[in-house]
Amino acid sequence: MKKTVLFLMLLSLAFSLCACSKKGANQSDHILENGRYDKIIVAIAQDPENLEPTTGNKLPHNVFFWNIYETLFDFDDENNLVPSIGKSITIVDDKTYDVGIYDVVIDSEGNKITANDVVYSVNWLIDSGNAIKYDLVESIEAVDDYTVRWHWNKAPSSWTELEFPLVRTYIFSQAAFESHNFSTEPVGTGSYVVKEFTVGSNLILEANDDYWLLNNPEIMDTHLDLHRANVQTIEFTVIAEAAQAQIALEQGTIDYCDYVLSAILPQFEEDKYADLYKVDVIEKGDYWFLTPNLFNPLLQDKNLRLAMWYGMDSTSIALIMGGTYAPMITFGNSTYPDWDDSFAEKENYMTTYDTDLAKEYLAKSGYSGEELILLGDSSEATKNAMQLIQSQLGQIGIKIKIESSTGTMSSTTFSQTEGWDLSIAGIGGSNLVGSFHRLFSNEINEHEGTAYSIGWIKDDHLQSLYETTKAKDDTESISGILDYVIENGYSYALVGSSSGVVYTTGINELYLREGKVATIGASTFVGGEAQHSKNVQVIDTEIKTSGAHTEGVYTFVDSQGTGVTWELTLQPDGNGWGLVTKWPDGLTENYTGDKYFPGDTENVIITTPPNEGRPKGAHFYEEDNVCKWMVNPSNSKMVPVNLLESYPDGLSDFSAEGVYTFVDSQGTGVTWELTLQPDGNGWSLVTKWPDGASENYTGDKYFPGDTENVIITTPPNEGRPKGAHFYEEDNVCKWMVNPANGKMVPVNLFESYPDGLSD
């Protein structure tokens, strides 16, 4: 037995020496007569499981799917659309786009791709349940052989909103799909074909000599170099553990690995490896996050969520995940084009590991020892992270059970309301706001007709912030949604991804497609005859948003001069609206509604009250129960219409028991009952809406005012006494007894509109 082991060790060493000597040879010797490098062996940490053209950004598929399949368009490094199978976009109207495809596209078996194949590919993806970020898609149809028409359920605001339909959906032949098992033998239009696939072991790709772009060099010249095949054979081999991948590099049995531990990277820069390998670190935009399942009432407890977040140390978690990860300090990083360094300036639970604080939050929560299920995929990095999280949360008194499964099974469970309480998943996007879609938008999951985010969050305030951020994509709106998410503990940005890359010196330059994903086949090689596109065409069709304001967001100021502002965001074609009320002290309130009307003129917008109540802060309602918001034609700024500028003569009586009744000076039928405790010891305010709904507010003191006819209240702790909003600079609200008739009137500090209004 010992002799056998010794023989195998010597045999292994011999192969190792042979491999290393091969890698040390002149790299030009690997160039074939056709100008391609002969073969590259790439290590991948996860088993592909199957090769069906489902998820456009899923690991490890995104490493090689771009070689096998193609989409309608690509993104370049600046998020411009460039051609792939698609060549043009025509905006028929706000909700109808025509995409023209090239009439020379064939797959590797010679099947011609037509508009019907595009329709089939899209509908298959939708039916498979893998069509993420498809919330704008209503339907798709073939207009003619080479034109497909997309119908959106609302007008898109940017190309990044259409990222997955246009850039992440793989197109294939219906005839090929119906005659092959694409799980193991896919037929695509890409620059490579699948020669061999063994689940759990390896995938071998061979350059496609009949590739349609090779036969049309003038079209190839308008495409990204992503579509070129500069290697004859690429073999992807599954090596789950980074330590084993390191050994494979040392033995020379692989040529490329992008999950080498950062602590090990310097080893491959030493003299004995200098002729064999190059070393690089590639920071990526993708990041991993933890989300609680808020469909579980237990996780709806904000204190429990904050207890978990402060009880986790992302620095040690990043380290145990493999050394190519860095702890996140907020959602996103500087690789995104809409990033601003101010997003990372505030301390939060992602930057603070504090077990004492975690225990304080836990003590205030309703948690009583329940076992929480932590869900994640079966990759080495994720399993290591889950084990450490289980240990860390156990130290503060939270029981965690780990559920680890393959990527497909994990994703399926993640989309269910039951079976998990916490989940680790990866996320990314072409820009920072794009990555927010799955995290913060109530457009991902649905249950019994109600829409939820990926963590089963139903929060209209959050949705309004997301819609505003999506429309503006600026530093202020991004900061607003980040602050709100962190304040409520809705999610935890765990680690960012950076690749510790070791690769053969035969590669002259790695090709990084958008998202900084290395595409080996499109890389350039020492001695190779790689060509580069010189006339890459950018799709210059411009999306123009509806409405008077270019961004669909209108800003109003309080006509009473209180400093309160409202930001009204309108969805195109009357499909909904969001209203953000901003108080002078920085507090905000958010409301949403499901429709609006265009009004009698282009300068007037009419909204209906939202289901959960009126857009508080306006209160300018007519008898037909709608609220008008008017563009000031003279300066193109927004002012709320004050329907009645003078107080009505008939006002409500006040009671002898210290309860004073006010009516809305705008004549809407809203009333307020102000109850004062003796000697200024407190007050309460009841707002009564015409539809019978009411709201209650309290304060701990009031002031008698300058005369016996004036009552001055301070704002309550939980917010302002909504319905009045008549505040002076000293932050108090005056309510005045009318000496003439002994009835109550709210003080209107400014009865005319100020001339200077917000943009």
Problem - Pairwise side-chain contact, Ile402 with Gln387, heavy-atom cut-off 4.5 Å (strictly under) - result: yes
Could you pull out every donor-acceptor pair under 3.5 Å between side chains of residues 326-333 and any protein atom, sequence neighbours left out?
| from | atom 1 | to | atom 2 | distance (Å) |
| --- | --- | --- | --- | --- |
| Asn333 | OD1 | Thr335 | N | 3.1 |
| Asn333 | OD1 | Thr335 | OG1 | 2.5 |
| Asn333 | ND2 | Lys284 | O | 3.2 |

Problem - Residue pairs passing the salt bridge (Lys or Arg N to Asp or Glu O under 4.0 Å) test where at least one lies in residues 196-212, sequence neighbours excluded - result: Arg36-Asp209
Practice task
Using side-chain hydrogen bond (donor to acceptor under 3.5 Å, both in side chains) as the criterion, point out the one residue from Asp225, Asp221, Thr524 that pairs with His532.
Solution key: Asp225
Exercise for the section: Please work out which of the three classes, parallel, tilted or perpendicular, describes the rings of Tyr211 and His227, given edges at 30° and 60°. Expected result: parallel
Practice task
Would you mind reporting whether Val517 and Trp66 have side-chain heavy atoms less than 4.5 Å apart?
Solution key: no
Completion exercise
When Asp107, Leu213, Ile68, Asp117 are each screened for side chain to side chain contact (heavy atoms under 4.5 Å, CB included) with Thr189, the one that passes is Asp107
Handout entry: Nearest-0.5 Å distance that lies between atom CG in Asn130 and atom CD in Glu52
Key = 8.5 Å
Completion exercise
In terms of heavy-atom contacts, Val194 and Pro186 come closest through CG2-CG, 3.7 Å
Problem - Expected output: side-chain Tyr192 to main-chain Val231 donor-acceptor under 3.5 Å - result: yes
Exercise for the section: Measure from the side-chain N and O atoms of Asp338 to the backbone N and O of Leu432, and report whether any donor-acceptor pair falls under 3.5 Å. Expected result: yes
Handout entry: Intermediate values then yes/no, side-chain contact (heavy atoms from CB on, under 4.5 Å), Leu224 and Asp76
Key = CA-CA 8 Å; Leu224 297 176; Asp76 66 13; 4.3 Å; yes
Completion exercise
dist Ser191:OG -> Leu214:CG (nearest 0.5 Å) comes out at 8.0 Å
Exercise for the section: Decide yes or no for Leu72 and Val118: does some side-chain heavy atom of the first lie under 4.5 Å from some side-chain heavy atom of the second? Expected result: yes
Practice task
For residues Val122 and Trp150, determine if any side-chain heavy atom of one lies less than 4.5 Å from a side-chain heavy atom of the other.
Solution key: yes
Practice task
Return the set of residues passing side chain to side chain donor-acceptor pair (under 3.5 Å) with Ser179 (not counting sequence neighbours), or none when no residue passes.
Solution key: none
Exercise for the section: Please examine the side chains of Ile40 and Phe525, heavy atoms only from C-beta on, and report whether any two atoms are closer than 4.5 Å. Expected result: yes
Exercise for the section: Kindly determine whether Leu81 and Leu162 satisfy side-chain contact (heavy atoms from CB on, under 4.5 Å), including the steps that lead there. Expected result: CA-CA 10 Å; Leu81 287 178; Leu162 304 177; over 6 Å; no
Handout entry: Reported NZ-to-CG distance for the pair Lys383 and Leu388, which is rounded to 0.5 angstrom
Key = 15.5 Å
Exercise for the section: Evaluate the side chain to side chain donor-acceptor pair (under 3.5 Å) criterion for residues Tyr134 and Thr169: first the C-alpha distance (whole Å), next the side-chain angles of each, then the deciding distance (0.1 Å), finally the verdict. Expected result: CA-CA 10 Å; Tyr134 257 62; Thr169 300; 2.5 Å; yes
Handout entry: Side-chain touch Phe182/Trp124, heavy atoms, less than 4.5 angstrom
Key = no
Exercise for the section: Please check if the side chain of Tyr277 supplies one atom and the backbone of Leu249 the other of a donor-acceptor pair under 3.5 Å. Expected result: yes
Problem - Pair Trp159 and Phe73, ring centroids less than 6.0 Å apart - result: no
Exercise for the section: Indicate, with yes or no, if the rings of Trp288 and Tyr492 have centres closer together than 6.0 Å. Expected result: no
Practice task
Begin from the C-alpha positions of Asn208 and Ser108 and carry the test side chain to side chain donor-acceptor pair (under 3.5 Å) through to its verdict.
Solution key: CA-CA 7 Å; Asn208 179 9; Ser108 59; 5.3 Å; no
Practice task
Say whether, by atom type as modelled, one donor and one acceptor occur between the side chain of His61 and the main chain of Asn50 under 3.5 angstrom.
Solution key: yes
Exercise for the section: Evaluate the criterion side-chain contact (heavy atoms from CB on, under 4.5 Å) for residue pair Ile171 and Tyr120; output intermediate values, then yes/no. Expected result: CA-CA 9 Å; Ile171 307 302; Tyr120 182 85; over 6 Å; no
Practice task
Give a yes or no on whether the backbone of Tyr511 and the side-chain of Ser523 come within a donor-acceptor separation of less than 3.5 Å.
Solution key: yes
Exercise for the section: For Glu509, look at atom CD and say whether over 12 heavy atoms of other residues, nucleotides or ligands are found less than 6.0 Å away. Expected result: no
Handout entry: Distance in Å, Met386 CE paired with Ser391 OG, rounded so as to fall on 0.5 Å steps
Key = 14.0 Å
Problem - Side-chain (Ser435) to main-chain (Ile427) donor-acceptor, under 3.5 angstrom - result: no
Practice task
Ignoring hydrogens and angles, tell me if any N or O in the side chain of Ser533 forms a donor-acceptor pair with the backbone of Met220 under 3.5 Å.
Solution key: yes
Problem - Side-chain heavy-atom pair Leu512, Ile282 within 4.5 angstrom cut-off - result: yes
Practice task
Give a yes or no on whether Glu185 atom CD has more than 12 heavy-atom contacts from other residues, nucleotides or ligands under 6.0 Å away.
Solution key: yes
Fill in the blank from the handout: Distance col, row Glu250:CD vs Thr253:OG1, nearest 0.5 angstrom, shows 10.0 Å
Practice task
Compute whether any side-chain donor of one residue and acceptor of the other, for Gln46 and Ser379, lie under 3.5 angstrom apart.
Solution key: no
Completion exercise
Heavy-atom closest pair (Ser314 atom, Val495 atom, distance to 0.1 Å) is O-CG1, 4.3 Å
Exercise for the section: Determine whether the side chains of Glu109 and His180 contain a donor N or O and an acceptor N or O closer than 3.5 Å. Expected result: yes
Handout entry: Plane angle bin for Tyr503 and Tyr256 - parallel if under 30°, tilted between 30 and 60°, otherwise perpendicular
Key = tilted
Exercise for the section: List the steps, then state whether side-chain contact (heavy atoms from CB on, under 4.5 Å) holds for Gln232 with Asn34. Expected result: CA-CA 9 Å; Gln232 184 64 34; Asn34 58 19; 2.9 Å; yes
Exercise for the section: Taking Arg228 for its side chain and Ala530 for its backbone only, find out whether a donor-acceptor pair lies under 3.5 Å. Expected result: no
Handout entry: No-hydrogen, no-angle side-chain donor-acceptor test under 3.5 Å, Gln174 and Asn116
Key = no
Practice task
Look at the side chain of Glu380 and the backbone N and O of Ala242, then say whether any donor-acceptor pair between them is shorter than 3.5 Å.
Solution key: yes
Handout entry: Ser173 side-chain N/O to Ala176 backbone N/O, donor-acceptor pair under 3.5 Å
Key = yes
Handout entry: Heavy-atom pair of closest approach, residues Ser404 and Asp377
Key = OG-O, 3.2 Å
Practice task
With the side chain counted from C-beta on, respond yes when Tyr170 and Thr71 share a heavy-atom pair under 4.5 Å apart, and no when they do not.
Solution key: yes
Problem - From CD1 (Ile247) to CD (Glu241), nearest 0.5 Å - result: 9.5 Å
Exercise for the section: Before giving the answer on ring pair (Phe, Tyr, Trp, His ring centres under 6.0 Å), spell out for His223 and Tyr102 the whole-Å C-alpha distance, their side-chain angles and the decisive distance to 0.1 Å. Expected result: CA-CA 12 Å; His223 285 51; Tyr102 290 100; 5.7 Å; yes
Practice task
Over all heavy atoms of both residues, which pair between Ile239 and Ala245 is shortest? Give the atoms and the distance, please.
Solution key: CG2-N, 3.5 Å
Handout entry: Smallest separation among heavy atoms of Thr291 and Trp420, with atom names
Key = O-CZ3, 3.6 Å
Practice task
Mind listing the closest non-hydrogen atom pair of Ile320 and Asn384 along with its distance?
Solution key: O-ND2, 3.3 Å
